[in-house]
Protein chains: 2
Amino acid sequence: MDTVDVIRAKRDGGELIAEQIHWVIDAYVRGDVAEEQMAALAMAILLRGMTRREIADWTEAMIRSGERMDWSALGRACVDKHSTGGVGDKITLALAPAVAACGVAVPQLSGRGLGHTGGTLDKLEAIPGWRATLTPEEMLRTLREVGAVVCAAGEGLAPADRKLYALRDVTGTVESIPLIASSIMSKKIAEGAGALVLDVKVGSGAFMKTRDDARRLAGTMVALGADHGVRTVALLTAMDRPLGRAAGNALEVAEAVEVLDGGGPADVVAVTVTLAREMLATVGGGHGKDPADALRDGSAMDVWRRMVRAQGGDPDAPLPRARETHHVPAPVSGTLRRLDAYAIGVAAWRLGAGRARKEDDVSPSAGAVLHAKPGDPVRAGEPLVTLHTDEPGRFPRALEALDGAIEIDPGGAGPDDLLPLVIERVAEQSA
Amino acid sequence: MDTVDVIRAKRDGGELIAEQIHWVIDAYVRGDVAEEQMAALAMAILLRGMTRREIADWTEAMIRSGERMDWSALGRACVDKHSTGGVGDKITLALAPAVAACGVAVPQLSGRGLGHTGGTLDKLEAIPGWRATLTPEEMLRTLREVGAVVCAAGEGLAPADRKLYALRDVTGTVESIPLIASSIMSKKIAEGAGALVLDVKVGSGAFMKTRDDARRLAGTMVALGADHGVRTVALLTAMDRPLGRAAGNALEVAEAVEVLDGGGPADVVAVTVTLAREMLATVGGGHGKDPADALRDGSAMDVWRRMVRAQGGDPDAPLPRARETHHVPAPVSGTLRRLDAYAIGVAAWRLGAGRARKEDDVSPSAGAVLHAKPGDPVRAGEPLVTLHTDEPGRFPRALEALDGAIEIDPGGAGPDDLLPLVIERVAEQSA
């Protein structure tokens with residue numbers, strides 16, 4: 001088979017056959033298809049699209065490029081969750097223990113953040129002693145003993161996706177629904193998820209800026225799950241404003257611990273409980289407990305503490321705190337109408353919470369804390385946002401990110417175009 | 001400036017500003033824009049197109065990436081010709097001497113063949129002793145003493161184009177009119193052409209398969225010439241059947257020598273004379289002689305012999321001949337309706353006349369000779385095509401290339417859809 005013929009076929013709007021897709025991905029991993037050839041193909045896919053059949057074959061080829069994990073030795077129902085990423089999205093931290101406390105195992109392989117969205121592993125690494133890397137045997141033992149595990153995906157899972165993701169990042173080919181969907185689903189299927197709930201974020205702080213794009217991505221991933229025998233449901237949730245009140249690694253862990261303690265911001269609790277119920281439903285309901293109860297009765301907290309300890313973390317150790325803080329006051333009194341998620345994400349990133357390149361370190365303590373959410377009353381001069389960092393030289397560029405991101409109505413009118421927190425549910429018609 | 005932003009702008013259908021174009025090409029030559037990034041951008045350009053202004057800026061940036069030659073020291077009118085490439089296109093060989101014999105200098109920097117179309121330098125190298133590489137001083141001396149020179153372009157001319165051309169070849173991004181036009185014109189303008197006649201081939205054996213595509217390419221290049229102060233005219237000429245009767249290096253030199261001797265196939269003579277008259281017209285007519293006379297009276301032959309000798313070649317030495325030949329007979333008697341240019345080009349290529357990769361050597365003696373052209377009567381069993389090669393193991397795949405390429409009408413009807421030899425002329429409205 002000839003690489004240029006495959007590129008030309010897609011470039012000219014054709015549908016690639018399964019054999020072409022498997023060949024090109026296999027040859028790419030071997031190095032016989034060069035980076036520049038895959039870049040041209042990725043751009044052609046972005047501009048020409050792929051059919052459901054092509055996306056399924058592309059995903060299958062990426063799965064086959066590496067190992068596939070299998071949790072059947074556990075002898076229990078397993079369910080996984082994936083978020084497309086947002087600002088302040090610490091949901092996994094309380095969600096995995098809550099679902100495990102309801103009797104269903106959660107083996108979650110997570111990633112690190114790139115750009116303005118944080119990564120779950122970066123957040124957990126703010127806990128003193130906690131380590132992200134486990135062997136498959138350690139994962140299985142933790143799942144068996146604790147019921148939930150959140151750790152780094154091994155190098156052997158979908159190596160084609162790993163290579164392609166790095167390429168897309170530098171070639172302007174990230175924003176393709178077939179490529180995003182196949183990237184997420186190839187990893188999740190290779191990780192052995194028996195059932196999967198997807199949290200597809202919508203709004204300025206998400207990759208999908210509109211409901212339509214998010215619905216297309218969700219539909220594509222749900223179909224891919226069905227085509228690979230993984231029962232998959234997606235929820236579209238709001239990311240026009242940040243989730244909760246904290247954005248930044250240790251700051252978000254602290255907020256998740258509040259939720260596990262039966263408190264925490266109402267939106268974080270609502271998204272956690274809604275996703276947990278969907279996860280339980282995909283595998284028949286667990287042992288019947290409601291995850292809202294697991295958060296209230298301390299059973300989720302108990303799983304959390306054991307889960308953190310199983311990976312070397314000390315759940316009682318104080319979390320790192322930034323050496324410097326800077327308050328951004330409300331300029332006028334009134335009602336907060338808008339607090340843009342993307343702006344808060346960029347501010348936290350510039351304070352040190354995120355990385356610009358894969359090789360960068362992140363600061364565990366940097367980030368932003370919101371003192372009001374859209375719809376809340378605010379008073380002139382009182383803190384609206386507090387910025388945290390160890391390097392005060394970072395404040396100016398973080399403040400720049402907030403330019404135009406905050407709107408207050410002195411008349412007291414609330415926001416009129418806020419997205420509903422849970423926008424809609426996308427499932428295969430049979431699901 | 002950020003590479004990914006430039007790629008995204010074009011990907012999303014935007015018009016790149018001059019600063020972005022100059023930056024990206026400069027950074028590509030320096031290695032700061034990676035091959036995979038330029039591949040993604042090239043695919044976006046292919047699928048989204050470029051405006052006349054963008055193409056002019058792109059061409060200018062490629063010219064500025066290297067040296068620019070200048071023939072003003074010659075003190076004579078200079079004109080260049082470029083063909084987009086076809087099968088049996090040996091026109092330059094007789095054309096350059098014919099124009100020089102009419103008093104106008106022809107400094108032509110040529111290329112080597114890749115794929116099914118031959119390169120002028122490969123043809124000339126079939127002449128014992130002839131060498132393609134001259135210093136600028138040697139070029140100037142030959143131009144002054146002989147009036148015409150055909151040699152290899154130096155490494156310093158439009159290095160951005162050199163790098164981009166190699167990339168496009170392996171990434172399925174060759175067939176973009178903005179990229180083809182800017183590639184050709186950046187080289188021609190850097191070569192110091194004061195005036196330029198373009199031979200844009202149309203048909204199965206050409207890059208442009210249809211008149212519409214060829215017309216668009218011709219119009220784009222004529223506009224680019226005008227935008228850079230180079231008086232440029234294009235002729236669209238037929239490449240649905242091969243030009244002349246020979247395809248292959250030494251075989252084509254022999255045919256060109258027949259034309260210089262006042263004979264040769266009528267189509268080769270007609271295209272040579274038509275292009276030569278256009279070349280002379282762009283610079284005011286030379287000293288008044290008609291190029292058809294220069295072919296008949298031996299003056300073009302005289303320039304040819306001096307031109308070959310000036311580059312170490314012996315115009316009297318016998319040309320290399322293939323060790324093996326194979327006749328393809330006409331299967332029935334009748335009138336030859338179709339003899340596909342692309343098929344003949346591929347057959348000659350597979351016999352050894354062309355190269356699959358830049359590093360390959362070509363055979364000087366391999367190729368195909370046609371005993372009839374569309375419209376000619378043929379008799380069953382008599383040779384229609386003769387294949388030449390030193391390696392008889394190459395015959396089977398060459399014969400495969402001819403499958404379906406030859407149509408004979410036993411009823412005697414001739415071809416009804418042959419392109420006119422010279423299809424149309426494209427010039428700026430003021431030209």
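This one's a predicted model, so the numbers in the text were calculated from it and none came from an experiment. Each chain gets a letter, A, B and so on, in the order its sequence line appears, and its residues count up from 1.
- At a 4.5 Å heavy-atom cutoff, the contact between B:Ala44 and chain A is made by backbone and side-chain atoms alike.
- Within the structure, every pair that satisfies the side-chain hydrogen bond (donor to acceptor under 3.5 Å, both in side chains) test and touches residues 200-211 of chain A, not counting sequence neighbours, is listed here: A:Asp199-A:Lys201, A:Lys201-A:Thr237, A:Ser204-A:Asp340.
- Between B:Ala39 and A:Ala39, the shortest heavy-atom contact is CB-CB, 4.2 Å.
- Residue A:Asp361 places its CG atom among 12 or fewer non-hydrogen atoms of other residues, nucleotides or ligands, all under 6.0 Å distant.
- Partner B:Glu36 forms a side-chain contact (heavy atoms from CB on, under 4.5 Å) with one of A:Glu35, A:Arg168, A:Met38 and no other, that one being A:Glu35.
- Listed options B:Thr173, B:Leu46, B:Val174 were ranked by heavy-atom pairs under 4.5 angstrom with chain A; first place goes to B:Leu46.
- Proximity to chain B among residues 47-59 of chain A is limited to A:Leu47, A:Arg48, judged by heavy-atom separations below 4.5 angstrom.
- Below 4.5 Å, heavy atoms of chain B meet heavy atoms from A:Arg11, all part of residues 10-31 of chain A.
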Practice task
Give the C-alpha distance, both sets of side-chain angles, the deciding distance and a yes or no for side chain to side chain contact (heavy atoms under 4.5 Å, CB included) between B:Met43 and A:Ile7.
Solution key: CA-CA 10 Å; B:Met43 183 58 81; A:Ile7 298 170; 3.4 Å; yes
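- Within 6.0 Å of atom CG in A:Asp403, more than 12 heavy atoms from other residues, nucleotides or ligands are found, so the atom counts as buried in its surroundings.
- The salt bridge (charged side-chain N to carboxylate O under 4.0 Å, His left out) check on A:Arg215 picks up A:Asp212, A:Glu424, with sequence neighbours excluded.
- For the pair B:Val4 and A:Thr171, the tightest heavy-atom approach, listed with the atom from each and the gap, is CG2-N, 4.4 Å.
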